[in-house]
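As structure tokens, the structure follows; a few thoughts come after it.
All heavy atoms count here, side chains included; hydrogens, waters and symmetry mates do not.
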There are 2 protein chains.
Amino acid sequence: MNAPRSRPNLTQIAALLDVSAATVSNALSGKGRVSAELAERIRTKAAELGYMPSHAGRALRTGRSQVLGLVLPDIANPLFPQIAQAIEHAAAAAGYGVLIADSRGDAAMQTQAITHLQDRGVDGIVIVPRRGTRIISTGSPVAVIDSPSTPGNTVSADHWQGGELVGSHLAALGHRDVVIIGSNPASNVQNDRVGGIRSALGPDRRVEVLWIEPHEALHGPGASLGLAARVAEGFTAFAALSDLQALRALTELQQAGLRVPQDASLTGFDDLVWSSAITPGITSVRMDMPAIAGEAIQALLRLIESRDRGNGPRDPGIARASRPSVPMSLVVRQTCGPSPSRTAEQQQTPAGDSQ
Amino acid sequence: MNAPRSRPNLTQIAALLDVSAATVSNALSGKGRVSAELAERIRTKAAELGYMPSHAGRALRTGRSQVLGLVLPDIANPLFPQIAQAIEHAAAAAGYGVLIADSRGDAAMQTQAITHLQDRGVDGIVIVPRRGTRIISTGSPVAVIDSPSTPGNTVSADHWQGGELVGSHLAALGHRDVVIIGSNPASNVQNDRVGGIRSALGPDRRVEVLWIEPHEALHGPGASLGLAARVAEGFTAFAALSDLQALRALTELQQAGLRVPQDASLTGFDDLVWSSAITPGITSVRMDMPAIAGEAIQALLRLIESRDRGNGPRDPGIARASRPSVPMSLVVRQTCGPSPSRTAEQQQTPAGDSQ
DNA sequence: CTGAAAGCGCTTACAG
DNA sequence: CTGAAAGCGCTTACAG
């Protein structure tokens, strides 16, 4: 029976090789001074036995769990998959695991989720706050992903610049009358996006902002936004501040018999999974989640280490990234200008044609 | 300075109360025999100091980490938020944390993700496999959430019964010609749903299944499914096997100038967050994720405990739930029958009317 | 370059 | 009912 029986530990490997556990530890970590050949023998044996260090033993000794927490106040957020995947990937690359915490959309439970993670002994926490929630000092190292204009933000997408992408895009297509659709006037993220759009469109164009109540946005349906009336007023483009709202706008316009993008163009944010599956596809601004997650994890680990070395502040507080603002990118799926200067696109799909 | 300085441990509490660490441990866990009054004194002191046991110390001693792993081969799946939230909640209620693992949609990395979690010392793993992936024995206790017709399934929604809900619903509205839209003929989940729909519609109705290539479903846009042609052929209802596909169908129909639900009814599965926000809302079948997660966690913990007691099998294998099949429920948002026997609904939203 | 020893915080038999 | 002791697996000063 030469199949490896369960997991070996350091002591067992040391015994097999007639060396001390300390030497095995040093050889495997590369820290202590161990002769090259002995180190090689140890590494070979360890690999052969499939040795994996015990996280519990290491954590107890070093006081570090090698685990980070991830808190998203609104786990039902459709962006959650993108964020979770990017954070998990960046953390894993640095040798950390990611524990999820759920605050079920409740702002009060956000604090509770953080406490819960601390009780579990995480080394640090990544937080994506909802709305304008300010993160108070928690006693743990924290990285905050929100918006560049939020005080205490560690790193985030440059939502203003993302807005500019939308504005320039619509301006280049010749749109002069634009409705911006948002859901939360208290959100820094949404306000930055509005600012960027307005700024890129310039002062000479007609721009209106339509704020939908968040609960209304979710608990339609049927509550009309009156978008068709806006088209009748001469608006030719709708710039939604999220794809969720863009989708609502698209279906309302189509249901009203209007054609997108021929009668009205539509843009969104987030580039959610279905943005490319629908007809027509929605032009959308996408965050560089891998870059954002990478910056967040890097800054968080720096903070954790500085505290471990004891030269950090008592309350470690919030991590600061070296590049706190990450550019967004535009995914173009509609290229129509306002009528009558229509582009070729409209000819392809006349109303009523099923292709 | 009477503010609590960092986290106290068992030994410190014991010293403050002039008792042994063993007694404190026993009092707090309620396991050993400790006099009621001493136990009370200990609990009070512990609460006062905000004592939280060290998970590392406990894990090292007991060999259990109190952490479970969650593996979703396709973390980009829009259902991920629902699943993650339910699993996290059920696990937290049982005193467990949840570590996420990402296999980035790659089937080969599924195994790697499992190994990675095991290396981190999780006590068990919850897996939601993609497609027909069979979970091989892993050496760790595992709970599988897939479909009742998948061998080795621990617990899942009753997708066949969910299909029946759709079929009965459409039949009751008088639909006699139905197109089912799916993306993966190899998926047990989708096949169960198809079976249920067919069975409830009965043999006298015209039912066709349209399989869209998954990559095609995601990397449209513009690749028409030819749905308008189906309407011309007399089909009056489209039953998509997921809301993602229902959304694609809805926008294609609308773009072709057809009205939903007047010209064609539409149903989906999953009740994703936007299903109620769009116009019109999509009738959708919803899983009872809290119940499914609860069964999965319960079965998994039973398996973990049986192995700990040593009366389990060498390879713990896959957990079996007492109630492996959880009913789904129908969320009705459209109540149109086929023309000419139309319901009142059509009058409300004539084509071209913006409300 | 290598090893013996201590200790991270906890729980579990085992004595008393 | 309570306590002293051992040990889970690891790493880190400290000797040699």
Side-chain angles (χ1 to χ4, degrees), chain A residues 6-43 45-46 49-67 95 118-123 305 308-310, chain B residues 5-43 45-46 49-67 95 118-121 123 305 308-310:
Chain A
S6 79
R7 297 286 197 72
N9 63 26
L10 258 194
T11 313
Q12 289 164 348
I13 292 181
L16 284 172
L17 259 42
D18 256 322
V19 296
S20 74
T23 299
V24 174
S25 175
N26 283 329
L28 259 29
S29 69
K31 281 185 177 173
R33 302 120 290 251
V34 181
S35 69
E37 76 173 329
L38 179 52
E40 184 52 31
R41 269 211 301 148
I42 291 172
R43 277 193 295 270
K45 195 67 171 180
L49 297 175
Y51 168 73
M52 290 302 304
S54 151
H55 278 263
R58 180 175 289 175
L60 184 56
R61 171 65 222 230
T62 64
R64 303 230 322 229
S65 62
Q66 298 288 114
V67 172
Q118 291 172 326
D119 292 347
R120 285 216 97 83
V122 298
D123 294 332
E305 273 154 31
D308 277 6
R309 287 196 308 269
Chain B
R5 39 182 79 231
S6 78
R7 296 286 196 73
N9 62 27
L10 259 194
T11 313
Q12 290 164 347
I13 292 181
L16 285 172
L17 260 43
D18 256 321
V19 297
S20 75
T23 298
V24 175
S25 175
N26 284 329
L28 259 28
S29 69
K31 281 185 176 174
R33 301 121 291 253
V34 181
S35 70
E37 77 172 327
L38 179 52
E40 185 51 31
R41 267 210 303 147
I42 290 173
R43 277 193 295 268
K45 195 67 173 179
L49 297 175
Y51 168 72
M52 290 303 304
S54 151
H55 277 263
R58 179 175 288 175
L60 184 56
R61 172 65 222 230
T62 64
R64 302 227 327 227
S65 61
Q66 298 288 111
V67 172
Q118 290 172 326
D119 293 347
R120 284 216 98 83
D123 294 333
E305 273 154 31
D308 277 6
R309 286 195 308 269

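The two residues B:Ala21 and B:Ala14 make their nearest non-hydrogen contact at N-CB, 3.7 Å. Of all non-hydrogen atoms in B:Asp123 and B:Gly63, the two that sit nearest each other are OD1-O, 4.4 Å.
Distances were taken from every side-chain heavy atom of A:Ser35 (C-beta onward) to each of D:dG9, C:dC1, D:dT2; the shortest belongs to C:dC1.
Across all strands shown, C:dA4 has no partner, as no Watson-Crick or G-U wobble contact with both distances under 3.5 Å is found. Base pairing annotation: D:dA13 forms no Watson-Crick or G-U wobble pair, as no partner gives both donor-acceptor distances under 3.5 Å.
For B:Asp119 and D:dG9, the CG to C1' distance is 16 Å, given to the nearest whole Å. In this structure, A:Ile42 places its CD1 atom 11 Å from C1' of C:dC1, rounding to the nearest Å. Atom C1' of nucleotide D:dT2 and atom CG of B:Asp18 are separated by 13 Å, given to the nearest angstrom. Straight-line distance from the CD1 atom of A:Ile13 to the P atom of C:dG3: 15 Å, rounded to whole Å.
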What verdict does the side chain to side chain contact (heavy atoms under 4.5 Å, CB included) test give for B:Leu17 and B:Thr23, after you've listed the backbone C-alpha separation in whole Å, the side-chain angles of each residue and the deciding distance to 0.1 Å? CA-CA 10 Å; B:Leu17 260 43; B:Thr23 298; over 6 Å; no
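Within the 4.5 Å cutoff, the side chain of A:Glu40 has heavy atoms near those of the A:Arg43 side chain. The side-chain heavy atoms of B:Ser54 and B:Asn9, taken from C-beta on, include no pair separated by under 4.5 Å. Residues A:Tyr51 and A:Val24 have side chains not in contact (no heavy-atom distance under 4.5 Å, counting atoms from C-beta outward).
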In B/S/- notation (B base, S sugar-phosphate only, - none; protein heavy atoms under 4.0 Å), nucleotides 10-16 of chain D written 5' to 3' is BBB----
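For the pair B:Thr23 and D:dT2, the criterion of a side-chain N or O lying under 4.0 Å from OP1 or OP2 is not met.
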